[in-house]
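Note on naming: letters A, B, ... go to the chains in the order of the sequence lines (proteins, then strands), and numbering restarts at 1 for each one.
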2 protein chains.
Amino acid sequence: MANPDPPLDPAQLADPTNSIGYLTRIAFRSFSRAMERRTLPFGVSAGQWRFLRHLWMEDGVTQRQLSHKVGTREATTVTAINSLVRSGWVERAPSRTDRRKIHIRLTGRAKTLQADLLPIVAEVNALATRGIAVRDLATFRRVLTQINANLAEEAADPLVQGEDV
Amino acid sequence: MANPDPPLDPAQLADPTNSIGYLTRIAFRSFSRAMERRTLPFGVSAGQWRFLRHLWMEDGVTQRQLSHKVGTREATTVTAINSLVRSGWVERAPSRTDRRKIHIRLTGRAKTLQADLLPIVAEVNALATRGIAVRDLATFRRVLTQINANLAEEAADPLVQGEDV
DNA sequence: GCAAAACCCATAGAACCCTAAGGATATTGA
DNA sequence: TCAATATCCTTAGGGTTCTATGGGTTTTGC
């Protein structure tokens, strides 16, 4: 039960090859570049793609909901949506029941785009994971999800310490 | 021989929870935030930190070498070094044997900083990996390294195929 | 030698993302 | 009721990173 508790000592972490931060940054940036290279011909930037994908799953959500799903701050979401509106991929639709809220809706053009772009993620994922055993990939996804959960606690508002109480 | 070849089908990748790009982006950003929260009191931003850590391992390298090590484009390195110079962490030193090259050297202040900042990576890494088995973490690092290698090929200049030696 | 190529750093311009603070609307509680 | 609080979006300002391009410097090839 006692957790293995496996911290590398600081000396080892001087070598960034061992750091979660370094490894995930390189992976994220490489992945992002590989994606954008393929989506740009369709007129979709990397930043736009991230939001479009979520809207394909659930259209008409509010900006705040979208922020939570995509994993960006709300100010960032505002910028991204401005960009999507400029490109004609989405429209802002004020809520009729709560004038604070604004729903984001895909345009017709954006909906048809899904069929073109979705295979691209699959392609880049396949490229990225080439030569890696299915079993190891499953472990990889599970660990990464756990890491994100661990760090999400840290990111929570510092005042929320009790939460329960 | 025959690689398991485990691509998820496109439909599954519509859910970003399964996408390498999504998972690594969230991890990278969370990690970066957790780091910066701790280094900012020392006057070091997240971007500066990445370069300082490499310089602690190998001081006096050229800007191009530093770019390779840190994993950023050279234009990005220029910006980062400008920032480090402004903050008094490094100095530019033109090479005496090749006037194209510029070596980057840590200032005295920056060297003493190492003792303060290195434990911080260890702390954040420990936080991020809490509750994860050592064995799984090893798999995680191995897979992530492989993914980076796979994507690096994609990013390489299409002309550089041999590199031989 | 010397022109062509390679190499190294820098600038320009833009995209992305953040924190901090503000404005408008809705809800809560005395 | 109505002031305090919470919620939701936005703006302001700055940092990080990219691609594309240019300006010096060195090396290469004839």
Next item on the list: Return the nearest nucleotide to the side chain of A:A75; candidates are D:dT17, C:dT19, C:dC9.
Entry: C:dT19
Margin query: Under 4.0 Å, counting only non-hydrogen atoms across every strand here, what does B:E74 touch: a base, just sugar-phosphate, or nothing?
Written below: base
Item checked: Side-chain N,O (B:R99) to OP1/OP2 (D:dG24) below 4.0 Å -> no
Notebook entry, point to check: Given that B:R86 and A:V78 both sit by DNA chain D, which one's nearest nucleotide is further toward the 5' end?
Noted result: A:V78
Checklist line | Interatomic distance where CG belongs to A:L66 and P belongs to D:dT10 [whole Å] | finding: 12 Å
Next item on the list: Look at the side chain of B:R29 and decide which nucleotide, out of D:dT10, D:dC18, C:dC18, has an atom nearest to it.
Entry: C:dC18
Notebook entry, point to check: With a 4.5 Å heavy-atom cut-off, do B:E74 and B:Q63 have their side chains touching?
Noted result: no
Notebook entry, point to check: Is the CZ atom of A:R135 crowded by more than 12 outside heavy atoms at less than 6.0 Å?
Noted result: no
Margin query: So for the helix from C:dG1-D:dC30 to C:dA30-D:dT1, with five pairs setting each end axis, what is the inter-axis angle to 10°?
Written below: 10°
Item checked: Interatomic distance where CD1 belongs to A:I102 and P belongs to C:dA26 [whole Å] -> 12 Å
Item checked: Rounded distance in Å - CZ (A:R33) to P (D:dT19) -> 6 Å
Margin query: Angle between ring planes, A:F140 versus B:F140, binned at 30° and 60°: parallel, tilted or perpendicular?
Written below: parallel
Next item on the list: Would you mind classifying the nucleic acid contact of B:A80 as base, sugar-phosphate or nothing, using non-hydrogen atoms under 4.0 angstrom?
Entry: nothing
Check: Once you round it to whole Å, what is the distance between P of D:dG14 and CD of B:E36?
Finding: 15 Å
Check: What is the nucleic acid contact for B:R64, judged by heavy atoms within less than 4.0 Å: base, sugar-phosphate only, or nothing?
Finding: base
Note to self: Taking side-chain hydrogen bond (donor to acceptor under 3.5 Å, both in side chains) as the definition, give me every residue that meets it alongside B:S45, ordered by chain and number, with sequence neighbours left out.
What the structure shows: none
Check: Quick one: on DNA chain D, does A:R25 or A:R92 contact a more 5' nucleotide (nearest heavy atom)?
Finding: A:R92
Margin query: Do A:V143 and B:L137 have side chains that approach each other closer than 4.5 Å (heavy atoms only, starting at C-beta)?
Written below: yes
Item checked: Closest heavy-atom pair and its distance - A:R50, A:F28 -> NH2-CE1, 3.7 Å
Notebook entry, point to check: Could you give the NE2-to-C1' distance, from B:H103 to C:dC9, as a whole number of Å?
Noted result: 13 Å
Next item on the list: Would you tell me if any nitrogen or oxygen in the side chain of A:R50 comes within less than 4.0 Å of OP1 or OP2 on C:dC17?
Entry: yes
Next item on the list: State whether B:R73 places a side-chain N or O below 4.0 Å from either non-bridging phosphate oxygen (OP1 or OP2) of D:dT19.
Entry: yes
Check: Can a side chain N or O of B:S45 be found less than 4.0 Å away from OP1 or OP2 on D:dT16?
Finding: yes
Margin query: Over all strands shown, is A:T77 touching base, sugar-phosphate only, or nothing at heavy-atom distances under 4.0 angstrom?
Written below: nothing
Next item on the list: Grab the CD1-P distance between B:I81 and D:dG15 for me, whole Å please.
Entry: 17 Å
Margin query: With no hydrogens and no angle check, just 3.5 Å: does a side-chain donor-acceptor pair link B:R92 and B:N82?
Written below: yes
Notebook entry, point to check: What integer distance in Å separates A:M35:CE from C:dA15:P?
Noted result: 18 Å
Checklist line | Among D:dC18, C:dT25, C:dC9, the one nearest A:D98 by side-chain distance | finding: C:dT25
Check: With a 4.0 Å cut-off on heavy atoms, is B:T76 in touch with a base, just the backbone sugar-phosphate, or nothing at all?
Finding: base
Checklist line | Euclidean distance, atom NZ of residue A:K101 to atom P of D:dT10 [Å, nearest integer] | finding: 14 Å
Checklist line | Candidate nucleotides C:dC16, C:dC9, D:dT17, ranked by approach to the side chain of A:S83 - the nearest | finding: C:dC16
Notebook entry, point to check: Would B:T77 and B:T72 count as having a side-chain donor-acceptor pair, cut-off 3.5 Å?
Noted result: yes
Next item on the list: Output all residues satisfying side chain to side chain contact (heavy atoms under 4.5 Å, CB included) with A:I26, sequence neighbours left out; order by chain, then residue number.
Entry: A:Y22, A:S30, B:N148
Next item on the list: Give the nucleotide from the list C:dC18, D:dC9, C:dA24 with an atom nearest to the side chain of A:R100.
Entry: C:dA24
Item checked: Any B:Q48 side-chain N or O less than 4.0 Å from OP1/OP2 of D:dT16 -> no
